[in-house]
Each structure stands twice: as structure tokens, then as C-alpha cells.
Amino acid sequence: MPLPYGSLRQMPAATLVTRFAPSPTGLLHIGNARTGLLNFLAARKAGGRFILRVEDTDEARSSEAHMQALFEDLRWLGLEWDEGPDVGGPHGPYRQQQRRGVYQEWLARLDAAGLTYPCFCTPAELSVARKQQLAAGKPPRYAGTCRALSEAQRAERRARGLPSALRFRVPPGETVIFNDLVHGEQRFQTDDIGDFIIRRADGGSAFFFSNALDDALMGVTLVLRGEDHMTNSPRQILLLRALDLPVPQYAHVALLLGMDGAPLSKREGALSLRELRDRGYLPCAVRNHLVRLGHTCSTDDWLDEGAMIQDFDLARLGRAAARFDEAQLRHWQKEAVARLPAAEFDAWIAARLPQSLEGERRASFIAAIRPNVEFPQDVAFWVQVLTSAPPELSTEAAAVVREAGEAFFVAAKGALAREGVEFRSAVRELGKETGRKGPSLYMPLRAALTSATHGPELAPLFALIPADEVRARLERARRLAS
RNA sequence: GCUCCCAUCGUCUAGAGGCCCAGGACACAGCCCUCUCAAGGCUGGUACGAGGGUUCGAAUCCCUCUGGGAGCGCCA
């Protein structure tokens, strides 16, 4: 007999409450970051609340350092949570390690209702059983070995000092139905679900249990998470029903794939948010890319934070897996850099500028290179162009210099290598003298002076290079062309 | 193996039976602009995984297959 969820228990929520529940076992990868962003946007769009809960029940793999890094990276991305470990809130604590008492209490209720039983099977035994089932073409489900143990048998095992985990008795012959916001109605047979562990032998609460319980206790109304949890949902619904707790709405978004098309969710060394940050990406650029992965925006244009919240729509979450594409991220990076207010751009690259560059010179340098800067590290090259130790000529630049010939640079020295010469009029003179114009006039100069064949407008750069350095570079070019 | 999810240009996607010999964005190519690059403008190529249905008509509905993914953990 089907058990309809979504009607009785799910009264229309006054406010939408979402949550992001990562485990601090490593750096946050972009797939999780996307999930976090989506939850944040969903809550903000609806004027609801966004909760951050740290799922650190795996003590061996969780660490304080990872948790701090998590906060930092999430804040860097621009997410703010209304409740969480570091900001508090009415449903705390928000670290699962600090919620053991809560789990004990609710586990006891389940136990009192006769819905659990201790399991004495060892991991080794279970592993063997799974392999046998798989080999026999059967689903690797818990066989129920300890399900019907008598009290005497349990006592005997305990007396022998055998550790036990606690399993949930999955009711047979039922259909769990729920409406997934992105996939529609889902039905699962409980007969396909084996009795699962809700408390480990070490006393720790298992994911299925603590995760679902906390959502209910914290008033979460929408569980927006990765599709890898889709088939976990019926288990959690069963648990919540047994506990007589409200069942949230579910929305399972397709997983994010790496650039190679492989899921990055569980891959070792998956691209982390931290790495993007270290590479110089701006958080708003990352947001603009992530929000379009598995979610369609109403525009292809840039979305600032307010517009992004306004534009977000649960109805436009996608069903198909999306690939993270750095080429597109770079597009948003360019947009982001272009939109940076002058003062922010200045601060963004400040660390790359030499102390000696100040005032007027600094301002005109920044103005000149700005269109050619995508990352802060791009500044380094143009800074070097200003120094007395210019970069090596690129292959293309050297070719251009050779093509121009020695005579051109002899003339150029005459026209340009004087103190206080004005670039444009000097170049005009040089053009008359050599019979060159346009690219054939400017390119050799660009190559000789900047060592590169492309870059910012030449005049402002020229004005920042000392006259004797200009002379030295033109001489360098002359020798190369001879 | 079983259960579940997914499938439109290289990539992100629009498309809820005729408006689609499929639109946009990114990327790519060409042209314009320009001292170069970037930006901007214009142009171009490239996609409905396959096969069956249903229908006057299918990218859109149904079935099968193929391909990809997830879950079936004392990980979360």
C-alpha cells in the first residue's frame, strides 16, 4: 500500500528553509560549492533561511582545519548562512559531533518502538556476504542475519564482548512515494532496501539517520542536494515517518562533471574552490559560472548578487549532469574584471606592483594594462617591461624585429631615444622617415620595447619606460636585426 | 547483478506536438574596427545517441536498445 508523502505532513511552509551540510574532510570542491550556492540562492529568493551544518561524524577524516577552510571558502564565494556553527542559531549546535545527545535520544525512541535491532556482524563478514550476493547476481543487501536474534542470543553475544551496530527495520512490502522537485514523482519499494545501520558500533550516528533527523529538527523544508542522494531519500523518509517527524521537500540536482566529463564529486583531488581562488579567479566570476551549471538563468548576461538571487528559480533546475568548463569560467572572469570598480581593481593587483611605482605613474600604468589583465599574476610581465631588466623577446617578437631590419631601429633610436620625447609625434616622424605606417610601423616598436607582439596601448607604456632603457632596447633590436 | 536517474552544437543550455530543415551563450573560424592583444560589431560551421511506434505532423509522447551516472558501505 503506497504511503503518500507530500500531502498531510507537508503543510505549505511559511518560510523556505534550506541547508548546506558538508563534511570537513577536505577542501570544498566545486560540485559541493555549487550545491551550497543553489541552497543559498533558493533561501534568499524565497526570503527564507539558509543553514550551514557541519557533518563531522567521521572523526577520523574530519578536522578543525578543514572546517575553518570551509567557512573561509564559502564566505569567499559570497555565501552567508543565517544559522551555523560559527554564527549560532535557535537549532544548534550545528556540528554533528556536538549533537550526540540528540541522536541518542531519538535513537532511543526508535528502539522503544521496536524498530531497531543490534547487529553483530563484523565488517569482514558483511563484505564476504556482499561479494557472494554480487557474484550470485543479487543486490548486495544486508541479509538480515541478526534481524531475528532472540534476546538470549543477543545477551550471549554481548557477554562474549562482541560489538554491535544498530540497524533500522525496514518495513516489508511498502512503496515509498515522494515528489522530487526536479525529477517528479519517485517510487521505491521497501523490499529493495535492506535494513541499514543507523548507529555504528563505535556509537556514532550514521549518515542516513543524523542527516535526516537534523534536517527535521532544524526545520529544513527543502533538501536540495546532489543526485547521488536520490536513492537514499526513501530510507530517510522511512526514518522520519517512524520518528513522526516532518518530511522535507526534496530536489536532487544532477552531479557536476569535471572538464573530462567524469564526475568530480568523489574523485580524489577534484577541483577545489580554494584552487580557483588561488589561481586568481574572482568569486563573482565563479558564482556566475556555477549558477548556470544545472540551473538555467533567464539571461546570458552578467548577474550581480542581487540579480542572481532574483533570477534563481527552482523550476529551472536541470536534470542532466553538467560539465565544469574553464573556458566559460574565464569568460565570466573577464566580465568580472571589467566590472571591477577602479579602486577594487587597484587593490586586487596592488601586491603585484612595485613600491616605487606611485602617484601619476602608477595610475597611468594601471589604466594602460587593465584591459590586458585577466588575473593578478598577469601584471608581473608588464611590470617587468618597465624595469631595466625587460623580458626576453618572444619568438614572434624577434621575428618582427628581424623583419623590420637594422636601418629601421637606427632611425627609431634617432626619433625616440631622446629625453622627454612625445611618443605619437615621434612615431609619426619615424613613419615619414622609414616609409612605414600602421602595423608595420608600430609592431617592430612594440616588439622591441615590450618584447611581445601584443599588449596594452604602446604610448602610455612608452611614457613609463626611462629614456636610456628605451635606447638600450632599440639597440638590442638593432643588433638582433643586423 | 538489482533499483533509480540522465541523454539537443566541442561546452553550458532554450525547446513542455506544428512558431524548429532547432534559438542563445561560451569556445572556434573569417571579416570590420584598430599599432597588437583584449573589448566591440558582423558573418560562418557544428547538435536533437539508435531503432521502432503513436500522430496529418515529434527534439518534444510511448517502447526497446545504446551510452553515461548514482545507490545498494559500521563514508557522508
Side-chain angles (χ1 to χ4, degrees), chain A residues 21-23 25 55-58 60-62 96 119 121-123 126-127 130 133-142 163-167 180 182-183 186-189 191-194 196-204 206-208 210-211 226-235 252 254-255 257 259 261-263 265-266 289 292-301 316 318-332 334 337-338 370-374 396-397 400 424 427 431 437-447 450 452-459:
Chain A
S23 294
T25 55
E55 307 223 329
D56 52 0
T57 56
D58 184 344
R61 294 198 303 144
S62 298
Q96 291 193 322
C119 173
C121 299
T122 66
L126 293 171
S127 166
R130 260 193 298 276
Q133 286 169 316
L134 241 19
K138 292 183 168 179
R141 272 199 288 279
Y142 180 61
S164 67
L166 197 65
R167 284 186 190 268
D180 186 278
V182 349
H183 294 282
Q186 301 295 312
R187 294 168 173 258
F188 290 90
Q189 304 303 320
D191 289 342
D192 290 332
I193 303 171
F196 53 91
I197 285 175
I198 52 179
R199 187 186 63 213
R200 301 187 303 255
D202 66 7
F207 167 78
F208 289 128
S210 52
N211 179 265
E227 203 180 86
D228 49 340
H229 290 294
M230 181 94 232
T231 50
N232 290 162
S233 299
R235 283 165 238 269
H252 290 96
L255 299 181
L257 309 177
M259 287 173 256
S265 52
K266 296 206 164 171
H289 186 226
R292 282 169 239 259
L293 259 22
H295 171 262
T296 304
C297 294
S298 64
T299 173
D300 286 324
D301 295 337
R316 289 197 306 256
R319 302 140 301 269
R323 192 179 300 221
F324 175 87
D325 180 14
E326 193 158 5
Q328 299 197 44
L329 209 214
R330 289 187 61 177
H331 163 70
W332 295 116
K334 284 175 191 163
V337 172
R370 178 163 178 154
N372 288 76
V373 173
E374 191 177 333
E396 300 76 36
V400 167
R424 288 188 187 285
V427 171
K437 56 181 180 180
S440 76
L441 172 58
Y442 277 87
M443 271 309 279
L445 289 175
R446 171 177 292 283
T450 71
T453 50
H454 58 254
E457 203 186 336
L458 222 34

For this session: Find the partner of B:C65: check Watson-Crick (N1-N3 plus N6-O4 or O6-N4) and G-U wobble (N1-O2, O6-N3) distances, both under 3.5 Å, and reply none if neither fits.
Result: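 Looking at the geometry, B:C65 pairs with B:G49.
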Exercise. With both distances under 3.5 Å as the test, what is the Watson-Crick or G-U wobble partner of B:C26?
Worked result: B:G10
When the distance from [atom1] of [X] to [atom2] of [N] is rounded to whole Å, what number comes out?
| X | N | atom1 | atom2 | result |
| --- | --- | --- | --- | --- |
| A:Asp56 | B:A76 | CG | P | 10 Å |
| A:His229 | B:G71 | NE2 | P | 9 Å |
| A:Lys334 | B:C37 | NZ | C1' | 10 Å |
| A:Gln328 | B:C9 | CD | C1' | 12 Å |
| A:His454 | B:A39 | NE2 | P | 12 Å |
| A:Phe207 | B:C74 | CZ | P | 14 Å |
| A:Arg61 | B:C74 | CZ | C1' | 13 Å |
| A:Asp228 | B:C72 | CG | C1' | 14 Å |

Given [options], identify the nucleotide with an atom nearest to the side chain of [X].
| X | options | value |
| --- | --- | --- |
| A:Ala201 | B:A70, B:C74, B:C26 | B:C74 |
| A:Leu126 | B:G1, B:C74, B:C6 | B:C74 |
| A:Asp300 | B:A25, B:U3, B:G1 | B:A25 |
| A:Ala322 | B:U36, B:C74, B:C12 | B:C12 |
| A:Arg200 | B:U13, B:C74, B:U36 | B:C74 |
| A:Phe208 | B:C75, B:G1, B:C72 | B:C72 |
| A:Arg446 | B:U36, B:C6, B:C72 | B:U36 |
| A:Leu293 | B:C35, B:C12, B:C72 | B:C12 |
| A:Met443 | B:C35, B:G71, B:A70 | B:C35 |
| A:Thr231 | B:C37, B:C2, B:U3 | B:U3 |

Touch check for [X], heavy atoms < 4.0 angstrom, all strands: base, sugar-phosphate only, or nothing?
| X | value |
| --- | --- |
| A:Arg130 | sugar-phosphate |
| A:Arg235 | sugar-phosphate |
| A:Gln186 | sugar-phosphate |
| A:Arg323 | sugar-phosphate |

When rounded to the nearest Å, what value does the distance between [atom1] atoms of [N] and [M] take?
| N | M | atom1 | value |
| --- | --- | --- | --- |
| B:A47 | B:A22 | C1' | 9 Å |
| B:C2 | B:C21 | P | 41 Å |
| B:G49 | B:A25 | C1' | 24 Å |

For this session: Given side-chain contact (heavy atoms from CB on, under 4.5 Å), test A:Glu55 with A:Ser62 step by step and report yes or no.
Result: CA-CA 9 Å; A:Glu55 307 223 329; A:Ser62 298; over 6 Å; no
For this session: Can you check whether any acceptor in the base of B:C37 is under 3.5 Å from a donor in the side chain of A:Asn372, or vice versa?
Result: yes
Exercise. Name the one of A:Asp180, A:Asn232, A:Thr231, A:Asp228 that satisfies side chain to side chain donor-acceptor pair (under 3.5 Å) with A:His252?
Worked result: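 So, applying the side chain to side chain donor-acceptor pair (under 3.5 Å) to A:His252 and each of A:Asp180, A:Asn232, A:Thr231, A:Asp228, only A:Asp180 qualifies.
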Exercise. Do A:Val400 and A:Glu396 come close enough that some side-chain heavy atom pair is under 4.5 Å?
Worked result: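 Heavy-atom side-chain distance check fails, nothing below 4.5 Å.
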For this session: Examine A:His229 together with A:Phe208 and report whether their ring centres are nearer than 6.0 Å.
Result: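 Judged by ring-centre distance (under 6.0 Å), A:His229 and A:Phe208 do not meet the cut-off.
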